[in-house]
K.L.:
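Below is the structure I would like to discuss, written out as structure tokens.
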Amino acid sequence: MSRPLVAIVGRPNVGKSMLFNRLVGRRLSIVEDTPGVTRDRLYAECEWCGRKFDMVDTGGIEPTTDSEILLYMREQAQTAIETADVIVFMVDVTTGVTASDRDVAAMLMKSRKPLILCVNKVDSVGELPMEFYEFYELGIDGDPIPVSSVHGTGTGDLLDRIVELCPDAEVEEEDDTIK
Ligand code: GDP
């Protein structure tokens with residue numbers, strides 16, 4: 001039996017690669033400030049509380065116009081729906097809810113795949129910023145999880161939720177961490 005597959009879906013620049021790099025414990029994919037950089041789709045094995053799963057970082061050419069972004073996200077979401085066991089939908093607290101977030105959230109919810117809403121760039125500790133609560137309007141089951149991929153805060157809660165939703169996987173023999 002193969003390990004459960006977890007996909008991270010979200011608009012360009014919400015911080016998907018940075019989270020991916022943090023969760024796999026090594027910096028593997030390129031994190032670029034420049035929009036439009038080309039990246040490969042990367043898979044890595046993760047382990048949390050003795051449970052193993054594979055994580056996929058969506059890559060490719062990142063679009064810049066709103067209509068291109070929407071198409072790109074729909075494609076990303078469709079691939080995740082078809083291949084992943086758990087989907088982490090990442091949004092950005094600094095931009096708030098966007099039209100493409102709403103569109104893709106609806107698409108992901110319709111698929112009925114286990115779905116986690118991860119609100120990234122919540123960098124300050126202490127009380128959650130007001131903007132965080134805006135994301136409840138997306139209507140995704142369960143509370144949104146605040147995370148700062150830069151500082152690593154909240155990632156433990158995110159991993160807890162991921163393994164909670166992962167189908168049970170048999171423990172496998174060790175193989176290469178990075179394929
Ligand atoms: P992706 O396009 O979704 O993969 O996003 P990236 O991981 O490439 O990050 C996009 C930008 O957001 C980069 O400039 C990152 O430094 C920044 N970023 C990512 N995570 C955080 C975070 O938790 N806090 C802040 N303040 N910036 C972040």
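Remember, it's 1-based here, ligands and their atoms both numbered in the order they're listed. Here the structure is a predicted model, which is why all the values come from computation and not from measurement.
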K.L.:
Which is it for S149 and ligand 1 at heavy atoms under 4.0 Å: side chain, backbone, both or neither?
P.N.:
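Looking at S149 and ligand 1, atoms from backbone and side chain both fall under 4.0 Å.
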
K.L.:
Using the salt bridge (Lys or Arg N to Asp or Glu O under 4.0 Å) rule, collect all pairs that involve residues 72-99, keeping only residues at least two apart or in two chains.
P.N.:
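Qualifying pairs: R74-D103, D92-K121.
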
K.L.:
Regarding atom 19 (C) of ligand 1: of the candidates H151, R22, M18, K16, which has the closest heavy atom?
P.N.:
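When every heavy atom of H151, R22, M18, K16 is considered, M18 comes closest to atom 19 (C) of ligand 1.
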
K.L.:
For ligand 1, indicate whether the residue M90 contacts it via side chain, backbone, both or neither (heavy-atom separation under 4.0 Å).
P.N.:
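Within the 4.0 Å criterion, M90 makes no contact with ligand 1.
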
K.L.:
Using a 4.0 Å cut-off to any heavy atom of P12, which atoms of ligand 1 qualify?
P.N.:
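Numbered from 1, ligand 1 contributes 2 (O).
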
K.L.:
Taking non-hydrogen atoms only, is N120 closer than 4.0 angstrom to ligand 1 via side chain, backbone, both or neither?
P.N.:
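Only the side chain of N120 comes within reach of ligand 1.
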
K.L.:
Under a 3.5 Å distance rule, please check whether R3 uses its side chain to pair with a backbone N or O of R51 as donor and acceptor.
P.N.:
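It does not hold such a pair.
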
K.L.:
Tell me, please: is S148 in heavy-atom contact with ligand 1, that is, under 4.0 Å?
P.N.:
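A heavy atom of S148 does come that close to ligand 1.
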
K.L.:
Using the ring of each side chain (for Trp, its six-membered ring), is F132 parallel, tilted or perpendicular to Y136, with breaks at 30° and 60°?
P.N.:
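Rings of F132 and Y136: perpendicular, over 60°.
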
K.L.:
Within the structure, is a non-hydrogen atom of R11 found at a distance of less than 4.0 Å from ligand 1?
P.N.:
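Right, R11 reaches ligand 1.
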
K.L.:
May I have the step-by-step check of side-chain hydrogen bond (donor to acceptor under 3.5 Å, both in side chains) for T98 and R11, ending in yes or no?
P.N.:
CA-CA 9 Å; T98 70; R11 272 184 299 115; 3.3 Å; yes

K.L.:
Can you tell me if D66 has over 12 outside heavy atoms packed within less than 6.0 Å of its CG?
P.N.:
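No, because the 6.0 Å sphere around CG of D66 holds 12 heavy atoms or fewer from other groups.
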
K.L.:
Are any of the N/O atoms in V147 less than 3.5 Å from those in ligand 1?
P.N.:
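N/O-N/O distance under 3.5 Å: no.
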
K.L.:
With backbone taken as N, CA, C and O and side chain as the heavy atoms from C-beta onward, which portion of D123 lies under 4.0 Å from ligand 1: side chain, backbone, both, or neither?
P.N.:
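For D123, the contact with ligand 1 is made by the side chain alone.
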
K.L.:
Counting only N and O atoms by type, is there a donor-acceptor contact under 3.5 Å from the side chain of N120 to the main-chain atoms of V14?
P.N.:
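Side chain of N120 to backbone of V14: a pair is present.
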
K.L.:
Between Q76 and Y72, do the side chains contain a donor N or O and an acceptor N or O under 3.5 Å apart?
P.N.:
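Short answer, yes.
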
